[in-house]
Amino acid sequence: MSGERPDLAPYATRSTDSRGRKHPELFKDDRPHFERDRDRIIHSTAFRRLEYKTQVFVNHEGDYYRTRLTHTLEVAQISKGIARRLNLNEDLAESIALAHDLGHTPFGHTGEETLAFLMREWGGFEHNLQSLRIVEELEERYPDFLGLNLTWETREGLVKRSISQQGIPRTIPAEFSPEEAPSLEAQIIELADEIAYNNHDIDDGLEAGYLEEEELVAEVDLWMEMRDLVLRKHPAIEGKRLKYQTISHLIGYLIQDLVEHTRKMIKERGIETLQDVRRAGVNIVSFSPETRARNEVLKGFLQRKLYKHYKMERMRLKAKRVVQRLFEAYINQPTLLPLRHQRRTLQEPLQRVVCDYIAGMTDRFAIEEYKKLFDPEERV
Ligand code: MG
């Protein structure tokens with residue numbers, strides 16, 4: 001493999017040291033491993049479907065808001081920027097970022113919670129593990145194997161990215177050495193995800209009128225500080241431009257803090273090789289304690305004012321009903337499933353087949369399907 005960047009840090013992940021792919025392949029060119037992974041992810045069906053999956057606002061609520069796809073692109077952009085500044089492998093960070101939400105259901109976390117509940121006696125459902133399932137089994141594109149046959153490192157990043165940040169208990173497949181910390185490139189994704197969604201949710205929330213700018217100024221000191229900074233530079237700025245510039249400064253501030261604090265951690269913990277990263281026992285990629293605390297205030301604000309807004313609750317109720325009723329309909333009468341999915345029940349339990357089918361749906365497809373099955377006026 002050629003094309004490895006010459007300025008990679010000694011603790012970066014190298015394509016040339018990859019633990020490789022599950023299935024041996026004859027390649028048609030000599031792209032480095034992680035670049036090939038990225039290209040395969042972008043060409044996958046699951047990636048295109050992100051366009052019509054909910055981030056926070058259900059897709060048909062309006063064209064302004066982020067979808068899973070535009071959210072994913074923002075996460076990839078932030079991840080690459082951080083990777084570059086830390087001399088880490090941008091291609092690997094980008095691959096994991098582009099694939100990080102592939103396993104999301106329609107209707108965001110509500111869809112996930114509903115499927116997890118319905119699957120509670122059948123092995124459960126969790127979107128990170130579903131991302132892995134998509135790239136290992138569900139995509140059908142290549143002649144000799146199922147899935148995308150991505151490298152071990154990209155797949156590891158998908159299942160391990162958020163373990164210690166959020167303390168979410170999760171079954172990590174033994175193949176990915178659950179006792180070891182993920183690569184620095186994988187560690188970036190969780191925080192790049194957070195930087196992206198905190199900022200775009202403020203933007204979307206203000207646009208929707210669910211959030212008030214005065215409340216942000218009063219309750220979130222990070223917001224007030226960035227806003228003051230913008231106003232000092234551009235005293236006449238107002239309205240949307242002030243909002244966009246404040247968000248831009250906030251993203252810049254968070255990235256800067258993350259990069260500086262991570263450099264400090266690398267030094268303090270004596271990280272010299274990728275092995276050191278894996279054995280460190282803590283996440284090296286991190287915000288400074290001060291910024292983390294200030295960021296928590298922002299997250300708490302969004303939690304109270306946006307995610308728990310009564311209109312959000314209404315969307316959640318509808319979403320839950322759609323997922324639940326579709327699931328029950330297919331389980332009670334599997335002949336409602338398209339033939340391709342009916343055939344899969346020969347190899348897998350019906351519940352898992354139905355779960356995969358629903359998880360793969362976009363919001364609008366799920367709503368159409370709901371109408372087809374339950375609205376007598378609708379064509380089947
Ligand atoms: Mg995400």
Side-chain angles (χ1 to χ4, degrees), residues 1-51 68-103 128 131-132 134-161 175-176 182-193 196 255 259 273-274 277-278 285:
M1 292 292 150
S2 62
E4 198 92 275
R5 283 177 48 151
D7 59 346
L8 287 184
Y11 37 77
T13 311
R14 288 173 159 67
S15 264
T16 41
D17 295 338
S18 171
R19 298 192 201 179
R21 302 168 195 276
K22 251 187 204 165
H23 309 280
E25 283 188 70
L26 290 171
F27 296 121
K28 65 177 186 287
D29 55 44
D30 63 353
R31 276 169 288 168
H33 274 308
F34 305 135
E35 185 181 330
R36 187 183 304 281
D37 281 1
R38 179 199 62 200
D39 299 351
R40 289 184 172 192
I41 292 160
I42 288 184
H43 288 287
S44 70
T45 306
F47 184 77
R48 286 194 303 284
R49 286 189 183 145
L50 294 174
E51 182 174 4
R68 268 297 149 197
L69 181 63
T70 61
H71 159 73
T72 295
L73 295 175
E74 290 184 30
V75 176
Q77 167 142 314
I78 291 168
S79 301
K80 275 195 298 176
I82 295 169
R84 179 174 302 182
R85 291 165 75 177
L86 291 169
N87 298 92
L88 298 173
N89 197 315
E90 278 179 56
D91 289 338
L92 177 58
E94 189 177 15
S95 291
I96 302 169
L98 290 172
H100 90 282
D101 272 351
L102 287 181
N128 290 296
S131 298
L132 186 67
I134 287 169
V135 304
E136 288 188 340
E137 289 176 53
L138 298 179
E139 286 282 330
E140 294 182 29
R141 317 185 73 79
Y142 297 95
D144 302 324
F145 49 80
L146 292 172
L148 303 178
N149 202 26
L150 303 179
T151 58
W152 183 91
E153 288 77 9
T154 298
R155 291 180 295 122
E156 183 214 21
L158 292 182
V159 280
K160 277 166 66 175
R161 66 190 176 95
E175 152 185 26
F176 298 111
S183 66
L184 294 177
E185 287 84 354
Q187 293 182 28
I188 287 175
I189 308 308
E190 188 63 11
L191 295 176
D193 190 23
I255 291 175
V259 167
T273 65
L274 180 53
V277 172
R278 296 199 174 284
V285 177

Start with the C-alpha gap between L102 and L50, add the side-chain angles, then the distance that decides, and say whether side chain to side chain contact (heavy atoms under 4.5 Å, CB included) holds.
-> CA-CA 7 Å; L102 287 181; L50 294 174; 4.0 Å; yes

Candidate pair L150 and S95, rule side chain to side chain contact (heavy atoms under 4.5 Å, CB included), full reasoning | CA-CA 10 Å; L150 303 179; S95 291; over 6 Å; no

Checking side chain to side chain contact (heavy atoms under 4.5 Å, CB included) for the pair H71/H100: CA distance, chi angles, key distance, verdict?
-> CA-CA 11 Å; H71 159 73; H100 90 282; 3.4 Å; yes

Residues L98, L73; criterion side chain to side chain contact (heavy atoms under 4.5 Å, CB included); working and verdict | CA-CA 7 Å; L98 290 172; L73 295 175; 4.2 Å; yes

Decide yes or no on salt bridge (Lys or Arg N to Asp or Glu O under 4.0 Å) for D29 and R36, but give the supporting numbers first.
-> CA-CA 10 Å; D29 55 44; R36 187 183 304 281; 3.3 Å; yes

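No side-chain donor-acceptor contact under 3.5 Å links E139 to the backbone of L148. The backbone N or O of H33 sits less than 3.5 Å from a side-chain atom of S15, completing a donor-acceptor pair. A distance-only check finds a donor-acceptor pair linking the side chain of R21 to the backbone of N149 [under 3.5 Å]. Looking at E4, its side chain does come within 3.5 Å of a backbone N or O of T16 through a donor-acceptor pair. For T273 (side chain) and Y11 (main-chain N/O), no donor-acceptor pair under 3.5 Å exists by modelled atom type.
The two residues A186 and G157 make their nearest non-hydrogen contact at CB-CA, 3.7 Å. In terms of heavy-atom proximity, A9 sits nearest to L86 at CB-O, 4.1 Å. Among all heavy-atom pairs drawn from L8 and R14, the shortest one is O-NH2, 3.3 Å. Between F47 and I41 the shortest heavy-atom distance is CB-O, 3.2 Å. Taking both residues in full, the closest heavy atoms of L92 and S183 are given as CD2-OG, 4.2 Å, listed atom of the first, atom of the second, then distance. Annotation for G103 and S131: closest pair N-OG, 2.9 Å, computed over non-hydrogen atoms.
Legend: residues meeting side chain to side chain donor-acceptor pair (under 3.5 Å) with E156, ordered by chain and number and at least two apart, are K160, R278. H43 meets the ring pair (Phe, Tyr, Trp, His ring centres under 6.0 Å) test with no other residue; sequence neighbours excluded.
Between atom CG of residue D7 and atom CZ of residue R5 there is a gap of 4.0 Å, rounded to the nearest 0.5 Å.
Checked by atom type, the side-chain pair T13/E153 shows no donor-acceptor distance below 3.5 Å. With no hydrogens or angles considered, no side-chain donor-acceptor pair links T72 and D101 at under 3.5 Å. No hydrogens or angles considered: a donor-acceptor pair under 3.5 Å links the side chains of T151 and D37.
Using a 4.0 Å cut-off between charged side-chain N and carboxylate O, K22 and E136 make a salt bridge. Between E25 and R40 there is a salt bridge, since at least one side-chain N of the basic residue sits less than 4.0 Å from a carboxylate O of the acidic one. Ion pair R155/E175 flagged as a salt bridge, since at least one NZ, NE, NH1 or NH2 atom sits closer than 4.0 Å to an Asp/Glu carboxylate oxygen. For R38 and E94, the salt-bridge test passes: some basic side-chain N is under 4.0 Å from an acidic carboxylate O.
Between W152 and F176, the ring planes lie tilted relative to each other; the angle falls in the 30° to 60° range.
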